[in-house]
Amino acid sequence: IPGYGDSPPVEMTMTAQGRTTFLDHVFQELGMQRPVLVSPSMSGRFSLPFLLAHGDQLAGFVPIAPVGTKDYTAEQYRGVQTPTLILYGDRDTGLAPQALQNLQHLPEHRVAVLPGAGHACYLDKPEAFHQALLGFLHQLK
């Protein structure tokens, strides 16, 4: 993610609109049409504004305890029709409950909880994570 970790900041990613534009450019450059956007943790700063502005361009959305869910209203979430798998580890007592509380307003959502997994549930329980993700992807077809 530009501006996080050791990556240099990118001017356009300083605003939600800029992050939406940045992600749109990434999809265009990669030639992706109707991708499924998997969004763990800090990537929520990019995925959530994109979802709310361009959710119709996504085949699916998989938020994994993303940051920034409280920045949007229940009404904004209710306007999104993108099929969504809200995924998190049951040992993530920080971001996961907050994300679930906000994202449950997405009308086309389902929830998968990975027992014994923390915030990085895909690292803690990779087989269970992949099972949940693949199950969701197969249902999109």
Side-chain angles (χ1 to χ4, degrees), residues 1-5 7-141:
I1 299 175
Y4 294 95
S7 64
V10 175
E11 187 66 32
M12 80 179 325
T13 64
M14 299 300 183
T15 65
Q17 176 60 49
R19 291 187 294 272
T20 297
T21 301
F22 177 83
L23 195 51
D24 192 41
H25 287 337
V26 169
F27 290 149
Q28 287 178 25
E29 286 296 314
L30 295 174
M32 301 178 94
Q33 295 179 353
R34 296 200 33 86
V36 173
L37 181 56
V38 178
S39 179
S41 198
M42 287 302 288
S43 67
R45 292 275 180 229
F46 287 77
S47 66
L48 292 170
F50 187 88
L51 175 73
L52 293 170
H54 304 293
D56 58 330
Q57 294 179 23
L58 299 172
F61 179 54
V62 183
I64 306 164
V67 302
T69 61
K70 67 183 182 315
D71 296 345
Y72 304 98
T73 66
E75 194 60 36
Q76 286 175 294
Y77 287 122
R78 285 189 196 105
V80 176
Q81 296 301 312
T82 308
T84 300
L85 175 65
I86 301 169
L87 187 60
Y88 64 94
D90 69 353
R91 291 190 179 165
D92 182 355
T93 58
L95 271 174
Q98 180 183 85
L100 178 62
Q101 180 181 1
N102 294 307
L103 295 173
Q104 68 185 350
H105 297 291
L106 292 166
E108 298 297 322
H109 84 273
R110 63 194 71 138
V111 178
V113 182
L114 302 185
H119 183 63
C121 62
Y122 41 88
L123 295 177
D124 293 343
K125 299 289 181 178
E127 285 187 29
F129 170 78
H130 288 106
Q131 261 187 330
L133 180 59
L134 289 171
F136 175 68
L137 295 176
H138 288 304
Q139 290 179 344
L140 293 178
K141 294 181 180 183

Heavy-atom pair of closest approach, residues [X] and [Y]:
X: Ser39; Y: Pro66; answer: O-CB, 4.0 Å
X: Tyr77; Y: Pro107; answer: O-CD, 3.5 Å
X: Pro49; Y: Gly44; answer: CD-O, 3.6 Å
X: Lys70; Y: Gln98; answer: CD-NE2, 3.8 Å
X: Gly89; Y: Ala96; answer: O-CB, 4.5 Å
X: Leu100; Y: Ile86; answer: CD1-CG2, 4.1 Å

When rounded to the nearest 0.5 angstrom, what is the spacing between [atom1] in [X] and [atom2] in [Y]?
X: Thr82; Y: Arg34; atom1: OG1; atom2: CZ; answer: 8.0 Å
X: Gln104; Y: Arg110; atom1: CD; atom2: CZ; answer: 16.0 Å
X: Leu85; Y: Leu137; atom1: CG; atom2: CG; answer: 8.5 Å
X: Leu95; Y: Ser41; atom1: CG; atom2: OG; answer: 6.0 Å
X: Thr84; Y: His109; atom1: OG1; atom2: NE2; answer: 8.5 Å
X: Phe46; Y: Leu37; atom1: CZ; atom2: CG; answer: 11.5 Å

Side-chain donor or acceptor of His138 paired with backbone N/O of Gly135 under 3.5 Å:
no

Tell me if a side-chain donor or acceptor on Arg45 pairs with a main-chain N or O of Val67 at a distance below 3.5 Å.
no

Side chain to side chain contact (heavy atoms under 4.5 Å, CB included), that's the test. Do Leu140 and Val36 meet it? Break it down for me.
CA-CA 10 Å; Leu140 293 178; Val36 173; 3.7 Å; yes

Do Arg91 and Asp124 pass the salt bridge (charged side-chain N to carboxylate O under 4.0 Å, His left out) test, and can you show the C-alpha distance, the side-chain angles, and the key distance before you say yes or no?
CA-CA 10 Å; Arg91 291 190 179 165; Asp124 293 343; over 6 Å; no

Gln139, CD: over 12 other non-hydrogen atoms inside 6.0 angstrom:
yes

Within the structure provided, determine whether [X] and [Y] are in side-chain contact (heavy-atom separation under 4.5 Å).
X: Ile64; Y: Cys121; answer: yes
X: Phe61; Y: Leu48; answer: yes
X: Leu52; Y: Tyr72; answer: yes
X: Leu114; Y: Asp90; answer: no

Are a donor atom and an acceptor atom from the side chains of [X] and [Y] found within less than 3.5 Å of each other?
X: Gln28; Y: Asp24; answer: yes
X: His54; Y: Thr20; answer: no
X: Ser43; Y: Ser47; answer: no

Test side chain to side chain contact (heavy atoms under 4.5 Å, CB included) on Phe50 and Leu58; report intermediate values, then the result.
CA-CA 9 Å; Phe50 187 88; Leu58 299 172; 3.8 Å; yes

For Val111 and Tyr88: C-alpha separation, side-chain torsions, deciding distance, then whether side chain to side chain contact (heavy atoms under 4.5 Å, CB included) applies.
CA-CA 8 Å; Val111 178; Tyr88 64 94; 3.8 Å; yes

Full working for side chain to side chain contact (heavy atoms under 4.5 Å, CB included) between Val38 and Tyr122
CA-CA 11 Å; Val38 178; Tyr122 41 88; over 6 Å; no

